[in-house]
Protein chains: 2
Amino acid sequence: MQPARKTQETAPRQRFLDVAADLFARNGYHATSLRDIARALGVTPGAVYAHFASKARVLLAVYETGVGQIGDAVDGAMQGSTDPWSTLERACHRHLEAILSDSGYARVVIRVLPEDVPEVAGQLARLRAGYEARFRTLIDALDLAPGTSRTLLRFTLLGALNWSQVWYRPGLTAPADIAREVVRNLRNGAAPHGEEHE
Amino acid sequence: MQPARKTQETAPRQRFLDVAADLFARNGYHATSLRDIARALGVTPGAVYAHFASKARVLLAVYETGVGQIGDAVDGAMQGSTDPWSTLERACHRHLEAILSDSGYARVVIRVLPEDVPEVAGQLARLRAGYEARFRTLIDALDLAPGTSRTLLRFTLLGALNWSQVWYRPGLTAPADIAREVVRNLRNGAAPHGEEHE
DNA sequence: TTAATTAATGAACGTTCGTTCATTTTTCCA
DNA sequence: TGGAAAAATGAACGAACGTTCATTAATTAA
């Protein structure tokens, strides 16, 4: 018989990742030291190296989990086919919830830019791109006015959503409401309906 | 006779600011050391302190210039009254040109977040807010569909514009084209005209 | 219970950081 | 041209950084 999966194999590693995700999300990568992470766990700085080869690898592991979390959330919004705009709105809702949540994992993916950490920049960028591909799919499914650039629409949407990390404070408009209005504006415009300029 | 304005009074200080703006914009605040700045000028680290009290003060000075540059650019777009949407588009065009330009000053204002530098966070935030007030004015002048949140529209627009720092590469769509399409999408929507969902 | 494996220690390493300061060099105006 | 003011030097400071490693403690499997 195969030995049962080792119990709690990843438990201590997990604890490191949890606090690293939180600190990276809250203070950024460069402003967070390994000593900060160790201190938050009541542990010595050297302990990190029993689980990770370097600080950059810690970030990479956080990124992987973060992309997984937010990717799963958006995937959940994509299945169960209603019309493409509603699907997009649901995906935006999930995306916002993730990047504004208490969990640091997803927040790190938006807050820390790949080029901030050259040692793993390529891998971070690939993870990010893999996630964002979902929005390419979502937008490809839309019926758009002729001449509309889907690429620019994607960037516009992601920018509008991700920038919320800069201004959002809990207690303001809920993520669901933000998603609804952003998508509505991008779909039908904020100008009064019926008005068209020549 | 008043003494002529001291010739080049600000010349050396200016040179420090120029390279600091460039490095802060390119690599971020924490990833840029005073030694990097000094090295780029062929000068000793201590030389910085003949002009600035601390690294944070260097950033603050860069921020002030940056907010001034981008503010002037947008102010220029706001006078000469055409219709409010065209004015907004021109302002977005200027905003994009500034934050994607070769000059680091304006880029720093978008790239470096106030809370990244606690020593001067309040002052940075105030400078930022003073600049962004222009967009409040611009959006207040728009005729909008009932129920549209002007605040959220402003955040959406600024997010869409500012996020371009993450994806924009020279040679892609020009700032003028980006501004035109972003504003068009937010005004009339990306969906085919005439289509409305129930 | 014991042996092997995993986790963490604690001290230190070399480096870099922001910063200080007495001294020297450069610049500018009278 | 001389003297004041501005600018930069160069060496050093203490602190913090990421990282290493022989050693000890804790956990797990047989």
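None of the values given here were measured: they were computed from a predicted structure.
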Contacts under 3.5 Å, N or O only, protein and nucleotides 17-20 of chain D:
from, atom 1, to, atom 2, distance (Å)
D:dC17, OP1, A:S33, OG, 3.3
D:dG18, OP1, A:K55, NZ, 2.9
D:dG18, OP2, A:L34, N, 3.0
D:dG18, N7, A:R35, NH1, 2.7
D:dG18, O6, A:R35, NH2, 3.1
D:dT19, OP2, A:Y49, OH, 2.5
D:dT19, OP2, A:K55, N, 2.9
D:dT19, O5', A:Y49, OH, 2.9

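Between B:R13 atom CZ and D:dA8 atom P the separation is 13 Å, expressed in whole Å. B:L59 has its CG atom 17 Å from the P atom of C:dC17, to the nearest Å. Between the CG atom of B:L23 and the C1' atom of C:dG18 there is a distance of 16 Å, rounded to whole Å.
Remark: the B:D140 side chain and the B:T137 side chain contain no N/O donor-acceptor pair separated by less than 3.5 Å. A:H95 and A:N162 are linked by a side-chain donor-acceptor pair at a separation below 3.5 angstrom, with hydrogens and angles left out of the test. Between the side chains of A:E97 and A:H93, at least one donor-acceptor pair of N or O atoms lies under 3.5 Å.
Counting heavy atoms of neighbouring residues, nucleotides and ligands inside a 6.0 Å radius, atom CZ of A:R128 exceeds 12 of them.
Contact annotation: B:H51 side-chain N/O to D:dA6 OP1/OP2 distance is not under 4.0 Å. For A:R15, a side-chain nitrogen or oxygen approaches OP1 or OP2 of C:dA8 to under 4.0 Å.
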Next on the checklist: Would A:D18 and A:Y105 count as a side-chain hydrogen bond (donor to acceptor under 3.5 Å, both in side chains) here? Give the steps.
Outcome noted: CA-CA 8 Å; A:D18 286 346; A:Y105 290 100; 2.4 Å; yes
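If you check every strand for non-hydrogen atoms under 4.0 Å, B:F16 touches sugar and phosphate atoms only.
By the 6.0 Å and 45° rule, A:K55 stacks over the aromatic ring of A:Y29.
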